[in-house]
Q: 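Structure incoming, see below.
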There are 2 protein chains.
Amino acid sequence: MDKVKIPIKKIENPNKRQVCYSKRKMGIFKKASELSIMCGAEIAIIVFSPAGKAFTFGSPDINFMVDKYQNFPVYINDKKVDKSWISEQEYNFILRELDAEKKHT
Amino acid sequence: MDKVKIPIKKIENPNKRQVCYSKRKMGIFKKASELSIMCGAEIAIIVFSPAGKAFTFGSPDINFMVDKYQNFPVYINDKKVDKSWISEQEYNFILRELDAEKKHT
DNA sequence: GCCCCTATATATAATAC
DNA sequence: TGTATTATATATAGGGG
């Protein structure tokens, strides 16, 4: 069981990918819920599955937050990125760099 | 170190709450990144910190997804909730019920 | 605030039902 | 699809620098 080290790359097997998607989506929603409760933060998540279904999580209200988002400057690691956003590739690249650094140490 | 079982409730100590927020936000963004890469899903996250800053994560593009969201039916656990959303309280209630069930077993 | 460390809690991949 | 199991991987609370 789970002898394989989980590489962060696309899962080719469709069935496994679907299972992984369901589990991780649930996990993320749970963590989002915990964050909002424990830290008093507001968080909205929108997920589009490969199958084309959309799932959302919003605290307190996803429509409210989407609207609020339009009028807020956005920060990434304390850097203001005004009306921009971080791409998945960019974010993953940063994370991988950090991981690599840690392993070297 | 960490002898306390972390209860899912509001952290009263402001300093601890801030630290917890930072760590967990980073963790959620990382997991969102992994989900999009491994499963080919599209995911957008908007977080408003208690301090009033907004952080976003979007794959492939948060504005695109926010827009796309407007035109999609939304599902929660395969239940179509057309143009509605799940509240944090509601979601947490469901999760806690499930946890309670598991502990009984 | 960030980074490091450690012990523990949680998430999850593979599998079976 | 959902549930359960189990071993492992990851996340994280608390504390120090």
Side-chain angles (χ1 to χ4, degrees), chain A residues 1-39 41 43 45 47 49-53 55 57 75-80 91-92 94-105, chain B residues 1-39 41 43 45 47 49-53 55 57 75-80 91-92 94-105:
Chain A
M1 303 100 175
D2 190 23
K3 294 184 175 61
V4 188
K5 186 166 193 313
I6 324 130
I8 306 299
K9 55 173 290 190
K10 181 171 181 179
I11 300 171
E12 296 301 337
N13 182 305
N15 186 46
K16 287 185 179 178
R17 189 170 61 237
Q18 173 59 34
V19 172
C20 177
Y21 168 75
S22 300
K23 286 184 176 182
R24 280 171 174 268
K25 176 164 59 60
M26 182 171 58
I28 289 175
F29 278 22
K30 184 176 180 179
K31 282 196 170 291
S33 167
E34 293 175 354
L35 180 69
S36 67
I37 294 169
M38 297 171 74
C39 307
I43 182 166
I45 303 180
V47 183
S49 76
K53 286 186 180 179
F55 291 82
F57 171 78
Y75 293 79
I76 297 168
N77 297 328
D78 275 333
K79 180 187 175 188
K80 186 174 177 178
Y91 193 78
N92 188 56
I94 294 168
L95 288 176
R96 286 183 158 287
E97 271 197 326
L98 293 174
D99 284 347
E101 289 291 335
K102 285 180 181 175
K103 283 171 185 171
H104 285 174
T105 315
Chain B
M1 305 99 173
D2 193 23
K3 294 182 174 60
V4 190
K5 185 167 193 312
I6 323 130
I8 305 301
K9 53 174 290 190
K10 181 173 181 181
I11 300 170
E12 297 301 338
N13 183 304
N15 186 46
K16 287 185 180 177
R17 188 169 62 237
Q18 174 57 36
V19 172
C20 176
Y21 169 74
S22 299
K23 286 186 175 180
R24 281 171 173 269
K25 176 164 60 60
M26 183 172 57
I28 289 175
F29 278 22
K30 184 176 180 180
K31 282 195 170 293
S33 168
E34 292 174 355
L35 180 69
S36 68
I37 294 170
M38 296 171 73
C39 307
I43 181 166
I45 303 181
V47 183
S49 75
K53 285 185 180 177
F55 292 82
F57 171 78
Y75 292 78
I76 296 171
N77 296 329
D78 275 333
K79 178 186 175 187
K80 186 174 178 180
Y91 192 78
N92 188 56
I94 295 168
L95 288 176
R96 286 182 157 289
E97 272 195 326
L98 293 174
D99 284 346
E101 289 293 334
K102 285 181 181 175
K103 284 171 186 170
H104 285 175
T105 315

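Within every chain, numbering begins at 1; the chains are lettered A, B, ... in the order of the sequence lines, protein sequences first and strands thereafter. Quick caveat: nothing in here was measured; it's all calculated off a predicted structure.
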Q: Over how many whole Å does the gap from B/Ile28 atom CD1 to D/dA11 atom C1' extend?
A: 11 Å
Q: Starting from the first five and the last five pairs of the helix from C/dC2-D/dG17 to C/dC17-D/dG2, work out the angle between the resulting helix axes, to 10 degrees.
A: 50°
Q: Would you kindly give the CG-to-P distance between A/Leu35 and D/dA13, to the nearest whole Å?
A: 10 Å
Q: Rounded to whole Å, please give me the gap between CD in A/Glu12 and P in C/dA13.
A: 16 Å
Q: What's the NZ-C1' distance between B/Lys25 and C/dG1, to the nearest Å?
A: 12 Å
Q: Would you compute the distance between atom SG of B/Cys39 and atom NZ of A/Lys23 and round it to the nearest 0.5 angstrom?
A: 11.5 Å
Q: How long is the span from the OG atom in A/Ser49 to the CZ atom in A/Phe55, to the nearest 0.5 Å?
A: 6.0 Å
Q: Between B/Ile11 (CD1) and D/dT12 (P), how many Å, whole number?
A: 11 Å
Q: With sequence neighbours excluded, what pairs up with A/Lys10 under the side chain to side chain contact (heavy atoms under 4.5 Å, CB included) test?
A: A/Glu12, A/Arg17
Q: Which value, rounded to the nearest 0.5 Å, describes the distance between A/Arg24 atom CZ and B/Glu34 atom CD?
A: 5.0 Å
Q: Of all heavy-atom pairs between B/Ile11 and B/Lys16, which one has the smallest distance, and what is that distance?
A: CG2-CB, 4.0 Å
Q: Which residues in residues 15-22 of chain B have at least one heavy atom lying under 4.0 Å from any atom of DNA chain C?
A: B/Gln18, B/Ser22
Q: Taking N and O atoms by type only, does the side chain of A/Lys23 place a donor or acceptor under 3.5 Å from a partner on the base of C/dA13?
A: yes
Q: Quick check: closest heavy atoms across B/Ile43 and B/Ala32, and the distance to 0.1 Å?
A: CG2-O, 3.7 Å
Q: With the side chain counted from C-beta on, respond yes when B/Val47 and B/Tyr21 share a heavy-atom pair under 4.5 Å apart, and no when they do not.
A: yes
Q: Quick one: closest heavy-atom pair of B/Lys25 and A/Leu35, and the distance?
A: N-CD1, 4.3 Å
Q: Check the distance between D/dT10's P and A/Glu34's CD and give it to me in whole angstrom.
A: 19 Å
Q: Counting only side-chain N and O atoms of A/Lys30, is one of them less than 4.0 Å from OP1 or OP2 of C/dA11?
A: yes
